[in-house]
Amino acid sequence: MNFEILNKTLSAKNIYECKNVQYLVRELIEFRDIDISLLNVVAGVDLSYKGDIGICVLVVFDFKTMDILEQVVTVSKVSFPYIPGFLAFREVPLIVDSINRLSVNVDLFIVDGQGVAHPRRAGIATHLGVILEKPTVGCAKSLLYGCYIDPLNELNATTDLVDPVTNEVIGKVIRTKVSTKPIFVSVGNYINLEKSVEIVKRLTFNGKYRIPLPTFIADKLSKEERKKVIL
DNA sequence: GCGACAG
DNA sequence: ATCTTGTCGC
């Protein structure tokens, strides 16, 4: 765990300080060609809100059998507002809190949001991956940054997500389910784009889900937990 | 100034 | 993310 970045993330108070943290995060990104056959445990994270109370749910799966191994719920007031480009400063505190209460070791995290498909390459998946020093994949339901051509309306059709400034490929747009909006996949940390795409395709089970199953389940549970929260 | 804008 | 009814399509 990179406590240096975590502490700076927790104490950043304005956009200027947040951007400086993101520049530090960017320098720590590592693209790795991981071996998917060695992946045993994956987790999905998602949050829902009731006013400024955040409900974070982390669900851990056995990657091979897709059995749920563990789940953690964290309910807490969030202190940072939602500002496009700075989602990590709002949600990472609750996510790290949830991870600290986990008893099993997780090999990879699927995060609801962008990874390097971000103007400073520091989307929430990347930010979290740098703090945890673990592989993370960014999987967002809509676009934050970049240019792309809509993929064909066919199962798992993909197109490149390109940075309009540098022309780098920063992610992939994938039609994980026919006749639905595509999703935006990008590297979080300690993985490369090819393996990220492969994992997301596996976790959407040939068009059964638009988003990865771990994310789908975490989303469902966080919405259920939200009903229990009193304002 | 104008438009774009994860959850 | 949340609010919020009916409705279109597989």
Side-chain angles (χ1 to χ4, degrees), chain A residues 9 15 18-19 21-22 25-26 44-58 73-96 98 109-130 136-148 153-155 161-165 170-189 196 200 204-212 214-231:
Chain A
T9 300
I15 298 299
C18 289
K19 281 189 179 178
V21 175
Q22 293 181 330
V25 165
R26 181 179 194 160
V45 212
D46 194 41
L47 285 84
S48 58
Y49 294 89
K50 193 135 180 174
D52 53 3
I53 300 295
I55 299 93
C56 176
V57 173
L58 185 60
V73 181
T74 303
V75 180
S76 175
K77 178 174 176 176
V78 291
S79 51
F80 205 91
Y82 169 65
I83 303 171
F86 301 91
L87 179 63
F89 296 88
R90 177 174 173 80
E91 304 194 334
V92 157
L94 279 197
I95 297 174
V96 169
S98 303
F109 292 86
I110 306 289
V111 182
D112 201 353
Q114 316 290 344
V116 298
H118 177 283
R120 291 169 294 282
R121 305 291 184 271
I124 186 167
T126 298
H127 201 132
L128 182 68
V130 162
T136 55
V137 171
C139 192
K141 296 181 290 299
S142 63
L143 176 73
L144 168 66
Y145 178 78
C147 302
Y148 69 97
N153 185 21
E154 295 172 359
L155 183 59
L161 180 58
V162 178
D163 184 317
V165 177
I170 54 178
K172 288 283 186 182
V173 186
I174 311 177
R175 185 90 58 189
T176 48
K177 186 179 170 76
V178 173
S179 298
T180 62
K181 288 174 44 177
I183 62 173
F184 302 79
V185 175
S186 58
V187 166
N189 196 24
S196 297
V200 168
T204 50
F205 300 91
N206 297 312
K208 186 161 189 221
Y209 300 93
R210 182 171 82 107
I211 59 179
T215 308
F216 184 84
I217 299 298
D219 176 74
K220 187 161 66 88
L221 293 178
S222 71
K223 280 171 180 163
E224 284 174 10
E225 290 296 322
R226 194 180 79 87
K227 297 175 188 169
K228 304 177 186 173
V229 177
I230 323 161
L231 276 180

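Scope of the values below: all heavy atoms of this structure, side chains included, with no hydrogens, waters or symmetry mates. Here is the naming used below: chain letters follow the sequence lines, and residue numbers restart at 1 for every chain. Everything quoted here is computed from the prediction, not taken from an experiment.
Separating the CZ atom of A:Phe184 from the C1' atom of B:dG7 is a distance of 14 Å, rounded to the nearest angstrom. One interatomic measurement links the two molecules: CD1 of A:Ile83 to C1' of B:dA4, which rounds to 15 Å at whole-angstrom precision. One interatomic measurement links the two molecules: CG of A:Asp219 to P of C:dT2, which rounds to 8 Å at whole-angstrom precision. Rounded to whole Å, atom P of B:dG7 lies 21 Å from atom NZ of A:Lys50. In this structure, the CD1 atom of A:Ile211 is 13 Å from the C1' atom of B:dA6, given to the nearest Å. Summarising the geometry, the separation between CG on A:Leu161 and P on B:dC5 is reported as 12 Å, rounded to the nearest angstrom. Taking atom OH of A:Tyr145 as the reference point, atom C1' of B:dC5 lies 13 Å away to the nearest angstrom. In this structure, A:Leu144 atom CG and B:dC5 atom C1' are separated by 7 Å, rounded to whole Å.
Between B:dC5, C:dT2, B:dA6, one nucleotide has an atom nearer to the side chain of A:Tyr49 than all others, and that is C:dT2. Residue A:Arg226 has its side chain nearest to C:dC3 when only C:dC3, B:dG7, C:dA1 are considered. Proximity note for A:Leu143 (side chain, C-beta onward) versus B:dC5, B:dG7, C:dT2: the nearest is B:dC5.
Residue A:Gly85 is in base contact, counting any heavy-atom pair closer than 4.0 Å across all strands shown. Across all strands shown, A:Phe86 has heavy atoms under 4.0 Å from base atoms, whether or not it also approaches the sugar-phosphate. Residue contacts shown for A:Lys223 are limited to sugar-phosphate atoms, with no base heavy atom under 4.0 Å away.
The pair A:Arg121-A:Asp163 meets the salt-bridge criterion, since a charged nitrogen lies less than 4.0 angstrom from a carboxylate oxygen. A salt bridge links A:Lys141 with A:Asp112: the distance from a Lys NZ or Arg NE/NH1/NH2 to an Asp or Glu carboxylate oxygen falls below 4.0 Å.
For the pair A:Leu47 and A:Ser179, nearest-nucleotide mapping onto DNA chain C gives the more 5' position to A:Leu47.
The side chain of A:Ser142 contributes an N or O atom lying less than 4.0 Å from OP1 or OP2 of B:dG7.
Aromatic ring centres of A:Tyr148 and A:Phe184 lie closer together than 6.0 Å.
Judged purely by atom type and a 3.5 angstrom limit, A:Thr136 has no side-chain atom pairing as donor or acceptor with the backbone of A:Phe109.
Between A:Phe205 and A:Tyr209, the ring planes lie perpendicular to each other; the angle is over 60°, past the 30° to 60° tilted range.
An aromatic stacking contact between A:Tyr82 and the base of C:dA1 is absent, as defined here by ring centres under 5.5 Å apart and ring planes under 30° from parallel.
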